Colleague: 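This is the structure I want to talk about, given as structure tokens.
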Amino acid sequence: MAITYEKYHGTGNDFIAVEADAPVEDWGAFAVEHCDRETGIDLGGRVGADGVLVLSLEGGAPSRVRMRLYQPDGGTAAMCGNGARCVAEWATRRERSEGLDLRERTESVSDASRTDGREFVIETPAGDRHARVGDETIEIEMGVPSFAPDEIPLARERDEALIREEIGGWEVSAVNTGVPHAVTFVEDVSTVDLELMAPPIRHADVFPEGANVNVAAPRRGDGGFDQRTFERGVEGETRSCGTGAVAIAAVAGRLGLAEDSRVRVSPPGGDLFVTVPDEGPATLSGPVVLEGTGELPIP
């Protein structure tokens with residue numbers, strides 16, 4: 001038996017989107033099989049994916065979308081910024097093309113049709129997130145970044161924020177932007193052997209649930225930051241990480257490294273824009289691309 005899917009990416013962070021009512025008994029096993037970068041889904045020459053988005057579009061005004069993300073290791077993540085932005089694109093196409101089959105839906109709805117400022121509420125394990133769909137970008141509310149030890153979470157015995165402390169030979173700061181992140185600033189992200197430096201931080205005792213690991217470097221001229229991220233659950237580097245981009249902007253603001261509340265963060269897959277206000281939720285904005293559609297077998 002096979003089920004239909006759509007595949008999206010947000011600045012290179014790619015996801016398989018499927019309906020929640022598909023007859024799959026084990027979504028974790030489904031993600032393990034189809035996200036594998038060597039043997040998984042092959043669409044346009046790029047094998048595998050960074051996760052599977054299991055989705056259902058509900059009613060309401062604005063419409064609500066229930067989102068669950070299954071990662072390549074079979075586990076789940078409470079929140080994913082680029083994934084949530086892809087969900088908003090998926091929902092827009094659903095609402096714009098009621099009654100069409102999958103192929104007609106994806107072929108008939110162009111990017112130009114998204115200029116009406118459509119909004120959605122995306123239900124995630126990290127809480128509701130509001131999404132706004134524009135003509136070229138999709139913006140998602142990301143919640144309020146937290147440096148509180150019990151919210152990241154940090155080791156139980158800690159009662160202070162983790163700011164500029166040495167872990168695994170690197171100066172690290174920790175923040176929760178929907179999921180836990182460790183951030184370290186360097187002069188040039190391209191010189192870092194991320195596969196070597198990240199695992200000791202990702203598995204450090206101070207992070208009882210693990211952490212995503214980000215390296216960031218100030219960009220000359222625009223006040224932004226280059227980004228590379230080693231993702232927990234993917235267990236490797238991804239082309240982009242939305243919660244990681246917000247983590248970098250939040251830590252930069254905390255350390256006085258950000259020139260403005262709106263920051264350009266540039267992972268390998270493209271530019272993202274993050275706003276971290278003094279009060280209220282951060283936002284993440286960037287493009288979303290539909291890569292294609294098809295069918296996948298149920299393992």
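Keep in mind that this is a model prediction, so the values were computed, not measured.
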Colleague: Are Leu154 and Phe147 in one and the same hydrophobic cluster, where Ile, Leu, Val, Met, Phe, Trp and Tyr link if side-chain heavy atoms are under 4.5 Å apart?
Modeller: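 Looking at the clustering, Phe147 is in a separate group from Leu154.
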Colleague: Would you mind reporting whether Phe120 and Val87 have side-chain heavy atoms less than 4.5 Å apart?
Modeller: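 Of all side-chain heavy-atom pairs linking Phe120 with Val87, none is under 4.5 Å.
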Colleague: Between Thr137 and Glu139, is there a side-chain donor-acceptor contact under 3.5 Å, judged purely by atom types and distance?
Modeller: no
Colleague: Of all the heavy-atom pairs spanning Val263 and Ala258, show the shortest one and how long it is.
Modeller: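 For Val263 versus Ala258, the nearest heavy atoms are CG2-CB, 4.2 Å.
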Colleague: Check whether any side-chain heavy atom of Pro268 lies under 4.5 Å from a side-chain heavy atom of Glu237, and answer yes or no.
Modeller: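 Yes, close enough: below the 4.5 Å cut-off.
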Colleague: Of all residues at least two apart in sequence or in a different chain, which pass the side chain to side chain donor-acceptor pair (under 3.5 Å) check with Glu259?
Modeller: none
Colleague: Give every residue pair that meets the salt bridge (Lys or Arg N to Asp or Glu O under 4.0 Å) criterion with at least one member in residues 246-257, sequence neighbours excluded.
Modeller: none
Colleague: Any side-chain heavy atom of Met67 within less than 4.5 Å of one from Cys80?
Modeller: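 They are in side-chain contact.
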Colleague: Find out if a path of hydrophobic residues (ILVMFWY) with successive side-chain heavy-atom gaps under 4.5 Å connects Trp27 to Val32.
Modeller: no
Colleague: With a 3.5 Å distance limit and no angle check, can you tell me whether Arg228 reaches the backbone of Val192 through a side-chain donor-acceptor pair?
Modeller: yes
Colleague: Among all residues two or more places apart in sequence or in another chain, which pass the side chain to side chain donor-acceptor pair (under 3.5 Å) test with Asn212?
Modeller: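 Scan of Asn212 (side chain to side chain donor-acceptor pair (under 3.5 Å), adjacent residues dropped) gives none.
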Colleague: Go through the steps to decide whether Val52 and Cys35 satisfy the test side chain to side chain contact (heavy atoms under 4.5 Å, CB included), and finish with yes or no.
Modeller: CA-CA 8 Å; Val52 173; Cys35 292; 3.8 Å; yes
Colleague: Kindly say whether Ala148 contributes a backbone atom to a donor-acceptor pair with the side chain of Ser146 at under 3.5 angstrom?
Modeller: yes
Colleague: Please list all pairs meeting side chain to side chain donor-acceptor pair (under 3.5 Å) that have one or both residues in residues 182-199, counting only residues at least two apart or in different chains.
Modeller: Asp188-Ser190
Colleague: Do side-chain atoms of Gln227 reach the backbone of Cys241 as a donor and acceptor pair under 3.5 angstrom?
Modeller: yes
Colleague: Distance check, rounded to the nearest 0.5 Å: Arg264 atom CZ versus Arg219 atom CZ?
Modeller: 6.0 Å
Colleague: How close do Trp90 and Ala17 get, heavy atom to heavy atom, and via which atoms?
Modeller: CD1-CB, 3.9 Å
Colleague: Can you name the side chain to side chain donor-acceptor pair (under 3.5 Å) partners of Arg66, sequence neighbours left out?
Modeller: none
Colleague: Tell me whether Thr177 contacts the main-chain N or O of Thr243 through its side chain, where contact means a donor paired with an acceptor under 3.5 Å.
Modeller: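 Answer holds: yes.
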Colleague: Does anything in residues 160-174 form a side chain to side chain donor-acceptor pair (under 3.5 Å)? List the pairs, not counting sequence neighbours.
Modeller: Arg158-Glu165
Colleague: Under the salt bridge (Lys or Arg N to Asp or Glu O under 4.0 Å) rule, what pairs show up with a residue in residues 285-299, not counting sequence neighbours?
Modeller: Lys7-Glu291
Colleague: Output yes when a side-chain donor or acceptor of His34 lies under 3.5 Å from a complementary backbone atom of Pro297, and no otherwise.
Modeller: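 Between the backbone of Pro297 and the side chain of His34 there is a qualifying donor-acceptor contact (under 3.5 Å).
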Colleague: Do Met79 and Ile248 share a hydrophobic cluster, counting only Ile, Leu, Val, Met, Phe, Trp and Tyr and linking them when any side-chain heavy atoms are less than 4.5 Å apart?
Modeller: yes
Colleague: In chain order, what residues pass the side-chain contact (heavy atoms from CB on, under 4.5 Å) check against Ala155, with sequence neighbours excluded?
Modeller: Glu157
Colleague: Side-chain contact, heavy-atom cut-off 4.5 Å: Tyr70 with Val18?
Modeller: no
Colleague: If you measure only the distance, is there a donor-acceptor pair under 3.5 Å linking the side chains of Ser266 and Asp271?
Modeller: yes
Colleague: Closest heavy-atom contact between Tyr8 and Cys86?
Modeller: CB-SG, 3.7 Å
Colleague: With sequence neighbours excluded, what pairs up with Arg239 under the side chain to side chain donor-acceptor pair (under 3.5 Å) test?
Modeller: none
Colleague: Whether the side chain of Asn214 engages the backbone of Ala182 through a donor-acceptor N/O pair (distance < 3.5 Å, no angle test) should be reported.
Modeller: yes
Colleague: Who pairs with Asp42 by side-chain contact (heavy atoms from CB on, under 4.5 Å), at least two apart in sequence or on another chain?
Modeller: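 For Asp42 the side-chain contact (heavy atoms from CB on, under 4.5 Å) partners, ignoring immediate neighbours, are Val47.
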Colleague: Check this for me, if you would: do Asp50 and Arg37 make a salt bridge, where the nitrogen-to-carboxylate-oxygen distance has to be below 4.0 angstrom?
Modeller: yes
Colleague: Hey, quick one: are Val65 and Leu290 part of the same hydrophobic cluster, counting side-chain heavy atoms closer than 4.5 Å, chains of contacts allowed?
Modeller: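 Yes; Leu290 is reachable from Val65 via cluster members.
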Colleague: Which residue pairs satisfy the side chain to side chain donor-acceptor pair (under 3.5 Å) criterion with at least one member in residues 76-88, sequence neighbours excluded?
Modeller: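 Side chain to side chain donor-acceptor pair (under 3.5 Å) check on residues 76-88 returns Asn13-Asn82, Asn82-Arg85, Asn82-Ser240.
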Colleague: Using modelled atom types and a 3.5 Å cut-off, is there a donor and acceptor pairing between side-chain atoms of Gln71 and backbone atoms of Arg232?
Modeller: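 Between the backbone of Arg232 and the side chain of Gln71 there is a qualifying donor-acceptor contact (under 3.5 Å).
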Colleague: Please report the shortest heavy-atom distance between Ile167 and Ala204, naming the atom on each side.
Modeller: CG2-CB, 3.7 Å
Colleague: State, yes or no, whether a side-chain contact exists between Val251 and His181 at a heavy-atom distance under 4.5 Å.
Modeller: no
Colleague: Enumerate the residue pairs fulfilling side chain to side chain donor-acceptor pair (under 3.5 Å) with a member in residues 119-128, sequence neighbours excluded, ordered by first and then second residue.
Modeller: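 For residues 119-128: Arg64-Glu123, Arg64-Asp128.
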Colleague: Can you tell me if Glu33 uses its side chain to pair, donor with acceptor, with the backbone of Ala31 under 3.5 Å?
Modeller: no
Colleague: How far apart are the closest heavy atoms of Ala131 and Ile140, and which atoms are they?
Modeller: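 The pair with the smallest heavy-atom distance is CB-CD1, 3.7 Å.
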